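Because the structure is a prediction, the values reported are computed rather than measured. Here is how names work: the chains are called A, B, and so on, in the same order as the sequence lines, proteins then strands, and each is numbered from 1.
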There are 2 protein chains.
Amino acid sequence: MKPVTLKQIAERLNMSVSTVSKALKDYPDIGVDTKKRVRDLARSLNYKPNSLAVNLRTNESKTVGLIIPEIVHHFFSNVIKGIVSRAEKKGYLVIILQSDESNELERKQIELLLNQRVDGIIISLANDTDQCDHIEGVFKQQIPLVMFDKVSKRIDCSKVVIDDRKAAYEATKHLIDKGCKRIAHFRGALTPLNSIDRFMGYRTALLDHGLEFDPSLVYICACDDRSFEEGKENAKKLLEDHRDVDGVFINTDLVAIGALTEFKNQGVRVPEDIKVVGFSNWFMSSVISPSLTTIDQPGFRMGETAFDQLFIEIETLKKGKDLIFKNIELETKLIERETTG
Amino acid sequence: MKPVTLKQIAERLNMSVSTVSKALKDYPDIGVDTKKRVRDLARSLNYKPNSLAVNLRTNESKTVGLIIPEIVHHFFSNVIKGIVSRAEKKGYLVIILQSDESNELERKQIELLLNQRVDGIIISLANDTDQCDHIEGVFKQQIPLVMFDKVSKRIDCSKVVIDDRKAAYEATKHLIDKGCKRIAHFRGALTPLNSIDRFMGYRTALLDHGLEFDPSLVYICACDDRSFEEGKENAKKLLEDHRDVDGVFINTDLVAIGALTEFKNQGVRVPEDIKVVGFSNWFMSSVISPSLTTIDQPGFRMGETAFDQLFIEIETLKKGKDLIFKNIELETKLIERETTG
DNA sequence: AATCGTTACGAAAACGGTTGAGATTTTAGT
DNA sequence: ACTAAAATCTCAACCGTTTTCGTAACGATT
């Protein structure tokens, strides 16, 4: 009923616990026949080491923590999947927590993970996280931490990101190439780095191609769970303010889909009257009509990469060596679909 | 640098480790002033109990395992969110694994979780899981297990489900009420219980309302990552075989969206020529055009409920009492949208 | 016969906390 | 003053493994 322990095996075989332990771990100082006897019995009793004990002894938990702003989200669930799949291969388990875009929750959850003695942490910061002392705490405990997607310049650690600026530049340039002369931008919140970078990419692309940058064409949205509505609202405002706009680059697919809906409701034709480019390549963007041109943000690979880097750092730290932080930028690509057709 | 231990506190205060431990846990046999001294120091040193040690001693890990077929999935990510949020409130952490709809992986992952000594397991079975001896193993270890969504009749345990049959009945009846006379059904794979139940609900609804049940109107799809394509393919076949069909009830929203796409491509008007009802109420169903009438499957609440039940069972088992398995059915509701407008 | 080197195993400390059973001191009751 | 009863604190075992160090046995070497 209760799981078998080394002790029970030792008693049955009339040997000491240490011998059994060593036999199972193939220590050279155990006789071959003893090893065989131990292993046979262990197998037949279905012995599995108690990880709680192993963890305590070895001072590692073989688990990593993952904190993301929102679980129900195409991009993040892809990241989760990437992390989980890599972790499993390396014998690690993943504990998931959701910060709900709240800095405060994020703090608590980091505490939680530290108390749980996770071997490492992967995090995408909440939107309202600007001060990061809670993150510093992680390094004090000698636990590696990798950031992805929403990162902070303030913290010195490995980061897995895309080149938001470049991607946004490409998206905007695509609109220009398609003949757009007056291009609006629905940007994300003001603090997150990636939202800033996308904005910068948009602006640079305009200026590089001899188009005027007009701040009144930039609309802000929080990109939270109201994204879709925000897209509609911004689109509505846009149509009221600027009837001459012929292209929009939008910070997130979901917002873009909201905008598309509003355009359709008001009889504005896409792509004939306005062309639209989104960001992230949510699955639904490929199945709506008109399908949405967007930037593919490789969530799955970001997850994989983030874990791989974390794993390297865990191993490095175990060997007592110094960490070398990497800034890994993954390639994005423009997916051309009907909204810029 | 390294986390503070009880021992260190004890030494500083010239008392024994046990006194410190008890003081922090508010044992009645420790003096009030001692308690205060201990607590003050513990706070100032930022003491946090080492959960690895606590876990070993108390023989509980304060973590639960969750196995789902697919992480990147609107329904499942909602479930995850529900579970994680409830677990966190009760001081539990959640380890997530993905079975990828593979029975074999499922086995391994259950092993993994058992070795990790999780306090409980929540699982939605893989499509191809029909024999369940690996699940029996969980109960042998006295670890509670709760199934949700894709459950098995073969296993005696608590289950959180929706009344698939009733929901499917309602969906089909809705089509009938809207005037459909010849209603097709795109069903899920053959083994999963919920796919069978939905099929039964569909059939019963037809018969109850004097419509003929025609097996050739039933199409099968695996509902895996090719769902969207499957929807298109089935729709294509349907249009080839049965031009007279005026309504379809489809096992999953994503398949339905694939079907809608094919209908649109072929110039079949929805809802005028064919009315469509999906299942699950994926977020995207509300933002596509025409928006999809569907059955709302409360993923978040299912997650919450599953964890709550698991929690009850964990507590029950701790007290040494016998478990009472519950079969919890959550309410679904029909969301009427444009595809049956 | 004393020394040495192997080989094969065991004892015991450790990891960091929990907890019941004493031990010691203080307080109260007669 | 003497004892019973509280009140407070410490001991020590324990959870299941890992790992260092010690040592017994035995044949080989000098």
Side-chain angles (χ1 to χ4, degrees), chain A residues 1-39 41-42 45-63 91 114-119 141-142 318, chain B residues 1-39 41-42 45-63 91 114-119 141-142 318:
Chain A
M1 197 123 281
K2 285 271 128 190
V4 187
T5 67
L6 286 186
K7 199 170 162 188
Q8 293 168 19
I9 297 185
E11 276 165 8
R12 287 240 211 169
L13 257 38
N14 262 332
M15 43 180 83
S16 76
V17 174
S18 22
T19 307
V20 177
S21 169
K22 286 196 238 180
L24 289 173
K25 304 191 81 195
D26 207 18
Y27 271 54
D29 61 346
I30 300 294
V32 279
D33 48 337
T34 318
K35 277 185 187 168
K36 183 161 166 30
R37 291 206 300 146
V38 170
R39 282 176 184 160
L41 184 60
L45 291 180
N46 194 28
Y47 168 79
K48 293 287 152 56
N50 181 332
S51 0
L52 299 182
V54 178
N55 290 347
L56 174 60
R57 183 60 229 247
T58 60
N59 200 29
E60 51 178 20
S61 59
K62 289 284 179 185
T63 58
L114 290 181
N115 296 347
Q116 189 68 16
R117 300 301 196 270
V118 293
D119 295 337
Q141 300 229 8
Q142 293 271 46
K318 236 196 286 187
Chain B
M1 196 123 285
K2 287 270 127 189
V4 186
T5 68
L6 284 187
K7 200 171 161 188
Q8 292 169 21
I9 297 184
E11 276 165 6
R12 287 240 212 169
L13 257 36
N14 263 329
M15 44 179 83
S16 75
V17 174
S18 23
T19 308
V20 177
S21 170
K22 287 185 183 175
L24 289 173
K25 304 190 79 194
D26 208 17
Y27 270 54
D29 61 347
I30 300 294
V32 279
D33 46 341
T34 321
K35 278 184 187 169
K36 182 162 168 27
R37 289 206 302 147
V38 170
R39 282 174 184 161
L41 185 59
L45 291 180
N46 193 28
Y47 168 79
K48 293 287 153 54
N50 181 333
S51 359
L52 299 182
V54 177
N55 291 347
L56 173 61
R57 183 61 234 249
T58 59
N59 201 29
E60 50 177 22
S61 60
K62 289 284 180 185
T63 58
L114 290 180
N115 295 346
Q116 187 69 15
R117 301 296 197 271
V118 293
D119 296 337
Q141 300 230 11
Q142 293 271 46
K318 235 194 292 187

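Checked by atom type and distance alone, the side chain of Lys35(A) pairs as donor or acceptor with a backbone atom of Tyr27(A) at under 3.5 Å.
Atom OG1 of Thr63(A) and atom CG of Asp119(A) lie 5.5 Å apart (nearest 0.5 Å). Expressed to the nearest 0.5 Å, how far CZ of Arg37(B) lies from OG1 of Thr19(B) amounts to 10.5 Å.
Between Asp29(B) and Ala53(B), it is Ala53(B) whose nearest contact on DNA chain C lies nearer the 5' terminus. Map Lys22(B) and Asn50(B) each onto its nearest nucleotide of DNA chain C; the residue landing nearer the 5' end is Asn50(B).
Following rounding to the nearest Å, Arg37(A) (CZ) and dA8(C) (P) show an atom-to-atom distance of 14 Å. Look at OH on Tyr27(B): it is 13 Å from C1' on dA21(C), rounded to the nearest Å. dG16(C) atom P lies 10 Å from atom CG of Leu6(B), rounded to whole Å. In this structure, NZ of Lys35(A) is placed 12 Å from P of dT7(C), rounded to the nearest angstrom. Per the geometry, CG belonging to Leu13(B) stands 10 Å off P belonging to dT10(D), to the nearest Å. The CD1-P distance, from Ile9(A) to dG16(D), rounds to 13 Å in whole Å. Computed from coordinates, the Leu52(B) CG to dC15(C) P distance equals 14 Å when rounded to whole Å. Atom C1' of nucleotide dT19(C) and atom CG of Leu24(B) are separated by 15 Å, given to the nearest angstrom.
Distances were taken from every side-chain heavy atom of Leu56(B) (C-beta onward) to each of dT10(D), dT17(D), dG16(D); the shortest belongs to dG16(D).
The side-chain heavy atoms of Asn50(B) and Pro3(B), taken from C-beta on, include no pair separated by under 4.5 Å.
Counting atom types as modelled, Lys25(B) pairs no side-chain N or O with a base atom of dT19(C) as donor and acceptor under 3.5 Å.
Regarding contacts with the backbone of dC11(D), every side-chain N or O of Ser16(B) stays at 4.0 angstrom or more from both OP1 and OP2. For the OP1/OP2 pair of dT17(D) and a distance below 4.0 Å, the side-chain nitrogens and oxygens of Tyr47(A) include at least one atom meeting the criterion. Distances shown here put a side-chain N or O of Ser21(B) below 4.0 Å from the OP1 or OP2 atom of dT18(C). Between dC9(C) and Thr34(A), a contact under 4.0 Å exists linking OP1 or OP2 to a side-chain N or O. Residue Thr19(A) places none of its side-chain N or O atoms closer than 4.0 Å to OP1 or OP2 of dC9(C).
More than 12 heavy atoms of other residues, nucleotides or ligands sit less than 6.0 Å from atom NZ of Lys318(B).
Within the nucleic acid shown, Thr5(B) comes within 4.0 Å of sugar-phosphate atoms alone, with no base atom in reach, counting heavy atoms only.
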